[in-house]
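Down below is the structure, laid out as structure tokens.
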Amino acid sequence: METAPVTVPVLLPLALPAPYDYLVPDGARVEPGQFVVVPLGPVHYIAAVWRRPEGEEPPKIARKKLREIVEILDDVPKLPTVSLDFADWVSNYTLTSPGMVLRMMMSARSAFEPPAPRYGVRLSGPPPERMTPARARVLEAAKNGLSWVKSSLAEAAGVSPSVIDGLVDAGTLVAEPLPDWHAMPLDLARKRATLNPEQTEAATELLKHTGGGFAVSLLDGVTGSGKTEVYFEAIAQCLERGQQALVLLPEIALTGQFLARCEERFGARPAEWHSGVSPSMRGRVWRAVAENKAKLVAGARSALFLPFPDLGLIVVDEEHDQAYKQEDRVAYQARDMAVVRGHLGHCPVVLSSATPSIESLVNADQGRYRHIRLGTRYKAASLPAIQTVDMRKNPPERRHWLSPVLIEEMAATLERGEQVLLFLNRRGYAPVTLCRKCGFRFECPNCSAWLVEHRFRHRLECHHCGKFMPIPHECPSCGAEESLVACGPGVERIAEEVAEHFPEARRVLLSSDLTPSISELRETLREIEEREVDIIIGTQLVAKGHHFPGLALVGVVDADLGLAQGDPRAAERTFQLLSQVTGRAGRDAIKGRGLIQTYMPEHPVIAALVAGDRDTFLDREIAARRDAGLPPFGRLAAILVTAGSREAAEAYAREVARAAPEAEKIQVLGPAEAPLSVIRGRYRFRLLVKATREADLQTYLRVWLAQAPKAKGDIRLTVDIDPYSFL
DNA sequence: AATTCTTCGTTT
DNA sequence: AACGAAGAATTC
């Protein structure tokens, strides 16, 4: 009798609904999590051996369809079991195919290739016969006798890499293989004594919940209260146990300052994981994490999908930050997924913020999370004094946006030799450009949005699709010359106005489109920290996770900007952003001030900021959410239908809505045309699914979408669980 | 994601 | 009938 062939499920990093079965080569053994090469149709893919759900019968596919695993990648570390659990969970929760989640977990191509041996150079021979200034600088830089990566030695000495090659040829430097991962020489006791009494108390409380096993702690303390030092204690505790620790930060907060603080506390830099890390470094970090060699990782949200085999702590810093919500491809909320990852891996999670999200506060109130407060005691002393500038009473000059009150305060601050930050959450020079003669406005041809003037780059840009065009001299509609006017302010225009008032001051403009690379941003932030700058003008980039010791005054140019729309999270978001940015002022020795320009000083968000009364404001927001059955008291999902034609998108969205099954605890609203009705030439309609907390939203959606008519032609349907954006 | 299969409309 | 392009279906 013929024995049944040995097959295993293999998950491919593609948008397929489930793993496929493959034959295991004769005599070979494979385990779940191992990486293999399998054929699919005519091509080969790297994929991961998955596992069969408990009790499920193996192959139900025709034997002759089965194909064999081509190669077992023994040199690639396997995915730990918890990563498989996590991928399945995320796939199930977000309604995306498991393969797409695996793809996120594999987003380090070079980890799957044999690691290229790396060579370092070390001082070992006599000085070269021919000495040059460049060579001398290299010898000076390398005199510690340690092994250097060639490029970093060249950089440290300020020479080109060929100088190093020359010295290797001369026998002065010797090349030798470097270890694939430099183990971090941890020094965990280093800085323990520097905590103040309040931090010590918070740390003691926190450590009770981070000793091992799943528990979520919300570390809630005003800006400048020293939350980082407190959670560093939990990291030290985790590393002492020999386990791995992960710190998630909003990408833009992964600054040199943060890494330096880690280094100061632990004696070594953490492994970094964010979009600025080079492909080869990504591969090395991925492997080092999988091999349990990288013990401390600081990363952006995608670091959550690294293959940690022994994760002992996850910290989500600035947990309220919108950057944790990924909207494209797999839509997920990294803060929430961090809690899930902690649960699956039996490891503690710390959420840290000065302005926690309503979700986390409610979870803390209801006892699901520990609530650890920090800084409340010194609130009056440490928080900047915040005042409004009523723009109705103190209007700026015509075609200007800074009120006399703010300008005067800026002058006084500069006089004292202290720094000023002006915040406006709007990139570019002017949000709308129009023709004075005929009223024509520049609109994006692909999106329902105005083109934003970017004066530095001499062009009009669409902030939704990236379309840009040079600024014309005449109106494209009526042909009038010199008739185009920029309407409203962007940061570039504020920078111009500042230059008018303070021509002598050293100014810097920080905006994501002007400082595209992380390293450039880090350099600018360092200059500000070193007080080589007097006035900083910036978008929300400046609000995130960096502290400027010399900063005394923060001016919010337009506080009303985020409050207008009918977005249920607008008030919360504006409050978080403005407290974050005003919280930049006055740390260390300097007493800080915040001046908020507004046309509605009586608005609850503004009033709460001025009174420093977060809790009353949030209690009202929480009550409003409860009454409306919105998250976290209810659950939401958004379904977005897009198509090249308005009619097709709308018709299909209606068909889908009509197919929605009746359910007691679930309500389907819409379709409605999205507020941004066209992006990249695609028309958008939205459905909102509103459910109670108890409802099984995912199962409902799965059943619904399976029986709904399929999207044909260029129509696309995407599901966003727990949506944050309502555009 | 990449390839093959189907369909439909056009050309000779 | 033959050809080609565009869309749908398939891949273990």
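The chains referred to below are lettered A, B, ... by the order of the sequence lines, with proteins before strands, and numbering in each begins at 1.
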- [ ] Step through it carefully: locate the ring centre of A:F305, locate the ring centre of A:Y332, and say whether they are under 6.0 Å apart.
- [x] yes
Task: Selected nucleotide, minimal atom distance to A:K710 side chain, candidates B:dA1, B:dA2, C:dA9 - done: C:dA9
Task: Donor + acceptor pair across side chains of A:Q244, A:D310 (<3.5 Å) - done: no
Task: Side chain of A:P42 (C-beta onward), nearest among C:dA8, B:dA1, B:dT3 - done: B:dT3
TODO: Give the rounded distance in Å between these two atoms: CG of A:D21 and C1' of C:dT10.
DONE: 16 Å
Task: Integer-rounded Å distance: C:dT11 C1' and A:R67 CZ - done: 9 Å
Open item on the list: As a quick check of understanding, evaluate side chain to side chain donor-acceptor pair (under 3.5 Å) for A:R29 and A:Q34, giving each step before the final call.
Closed with: CA-CA 10 Å; A:R29 272 178 53 90; A:Q34 243 172 3; over 6 Å; no
TODO: Let me know the distance between CD of A:E68 and P of C:dC12, rounded to the nearest Å.
DONE: 14 Å
Task: Atom pair distance, as rounded to whole Å: NE2 in A:H44 and C1' in B:dT3 - done: 14 Å
Open item on the list: Over all strands shown, is A:L16 touching base, sugar-phosphate only, or nothing at heavy-atom distances under 4.0 angstrom?
Closed with: base
Task: Sugar-phosphate, base or nothing in reach of A:P9, heavy atoms under 4.0 Å - done: nothing
TODO: For the pair A:Y119 (side chain) and A:K150 (backbone), establish whether a donor and an acceptor sit closer than 3.5 Å, ignoring hydrogens and angles.
DONE: no
TODO: For A:K712 and B:dT7, give me the distance from atom NZ to atom P, rounded to whole Å.
DONE: 14 Å
Open item on the list: Nearest to the A:L14 side chain among C:dC12, B:dA1, B:dA2, which nucleotide is it?
Closed with: B:dA1
Task: Separation of atom CZ in A:R716 from atom P in C:dG7, rounded to whole Å - done: 10 Å
Task: Rounded distance in Å - CG (A:L40) to P (C:dT10) - done: 14 Å
Task: Short side-chain N/O contact to C:dT11 OP1/OP2 from A:K65, under 4.0 Å - done: yes
